Each structure stands twice: as C-alpha cells, then as structure tokens.
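Keep in mind the model is a prediction, meaning the values are calculated, not measured. Ligands are counted one by one from 1 in listed order, and the atoms in each one are counted from 1 as well.
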Amino acid sequence: MPLLDVRELQFVLQRFAADRNWEPLHTIKNLSMALAGEAGELVAIAQWMTDDEAGKAISADTDVRRQMSDELADGLIYLVRLADVCAVDLDRAVADKMQRNALKYPEPGNTPGH
Ligand SMILES: [Mg+2]
C-alpha cells in the first residue's frame with residue numbers, strides 16, 4: 001500500500017498545464033523556484049508572530065487559517081508537479097528517505113551501544 005499516492009493529482013496538474021500551454025514554462029528550474037517562492041509565502045504568514053501567537057492564529061483566525069491552507073496547497077502543487085517533470089516516484093522517494101532517516105536518527109534507547 002503506498003504511503004503517498006499522488007497519481008491523480010499529477011494527472012490533474014498535467015492537464016491544467018497542458019490546457020493553458022504552460023508546459024514549456026514547467027521546467028525543473030522554474031518549478032523549483034516556484035516551490036521556494038511558496039515556502040517563502042508560507043513563512044511570511046507567521047513571520048512576526050511568537051510560536052504561541054502563530055498557534056492561536058492558525059486555530060482561531062479564519063483568514064490566517066485560509067492563508068496557511070492556500071500556501072500549503074500551492075507548495076504541494078509545485079512539489080508534485082516538479083516530481084512529475086523530474087520523473088521522481090514520490091511514494092518510492094518518501095519511503096526510501098524515511099527508511100534512511102530511521103537509520104540516521106534511531107529512537108532513544110535503540111542506539112547501538114546503549
Ligand atoms: Mg502562494
């Protein structure tokens with residue numbers, strides 16, 4: 001069972017780009033830069049808030065919550081589109097990376113020699 005199945009979203013994004021003749025613009029460089037830009041938009045939402053203020057704003061302020069949702073969606077869209085253009089299988093990549101992360105960061109008490 002896949003951890004992450006984005007095939008339908010990839011298909012929707014392929015069609016969205018094709019219908020607008022955006023495929024020539026969807027280069028690896030452009031999509032990488034767009035993804036970085038969306039990360040910046042995400043950071044800007046809580047840039048001047050304390051951690052407590054940001055937590056409260058996300059749970060209580062519908063405008064902040066909508067902004068956060070929009071920027072997370074924008075980032076995911078560019079990430080999935082970039083993976084598609086690069087022919088990276090995101091499900092395989094995430095599974096492989098989590099396996100390497102588990103080896104690199106063992107649970108406390110499971111560290112060899114302890
Ligand atoms: Mg955005």
Side-chain angles (χ1 to χ4, degrees):
M1 184 170 137
L3 286 173
L4 185 70
D5 189 347
V6 296
R7 287 171 297 182
E8 184 64 27
L9 177 55
Q10 283 179 327
F11 178 71
V12 167
L13 296 175
Q14 286 168 6
R15 200 172 52 214
F16 194 90
D19 289 349
R20 288 155 183 80
N21 298 317
W22 287 353
E23 288 156 320
L25 300 172
H26 282 190
T27 63
I28 293 168
K29 177 194 69 76
N30 287 352
L31 291 167
S32 297
M33 292 175 74
L35 178 59
E38 296 304 334
E41 291 178 19
L42 190 62
V43 167
I45 294 170
Q47 183 173 6
W48 302 112
M49 297 179 195
T50 65
D51 286 345
D52 279 350
E53 289 169 342
K56 286 175 185 161
I58 295 302
S59 61
D61 185 324
T62 54
D63 187 50
V64 170
R65 188 167 189 78
R66 184 198 48 76
Q67 288 176 41
M68 184 67 76
S69 295
D70 284 353
E71 301 315 335
L72 287 168
D74 285 343
L76 181 64
I77 287 166
Y78 282 125
L79 177 74
V80 168
R81 183 71 177 133
L82 177 60
D84 191 23
V85 168
C86 293
V88 168
D89 179 340
L90 275 177
D91 181 51
R92 182 79 263 146
V94 169
D96 289 349
K97 191 64 169 75
M98 288 304 295
Q99 205 166 32
R100 290 197 307 274
N101 286 348
L103 292 172
K104 187 174 180 181
Y105 307 107
E107 294 176 28
N110 290 342
T111 308
H114 289 96

Specify which N/O/S atom of D74 comes nearest to the Mg ion (ligand 1), by atom name.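 The closest N, O or S atom of D74 to the Mg ion (ligand 1) is OD2.
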With the Mg ion (ligand 1) as the point of reference, which N/O/S atom of E71 is the closest?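 When I compare the N, O and S atoms of E71, OE1 is nearest to the Mg ion (ligand 1).
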State, to the nearest 10 degrees, the angle whose vertex is the Mg ion (ligand 1) and whose arms point to OE1 of E38 and OE1 of E41.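 Output for this angle: 90°, rounded to tens.
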Exactly one of D91, L90, L76, L13 should register a side chain to side chain contact (heavy atoms under 4.5 Å, CB included) with V6. Which one does?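 Of all the options given, the one that passes is L90.
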With rounding to the nearest 0.5 Å, note down the distance linking CE in M33 to CD in E38.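 Going from CE on M33 over to CD on E38, the span is 12.5 Å.
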Worked verdict on V64 versus I45 for side-chain contact (heavy atoms from CB on, under 4.5 Å): CA-CA 7 Å; V64 170; I45 294 170; 3.9 Å; yes
Less than 4.0 Å between a side-chain N and a carboxylate O, is that true for R66 and D70?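 R66 and D70: salt-bridged.
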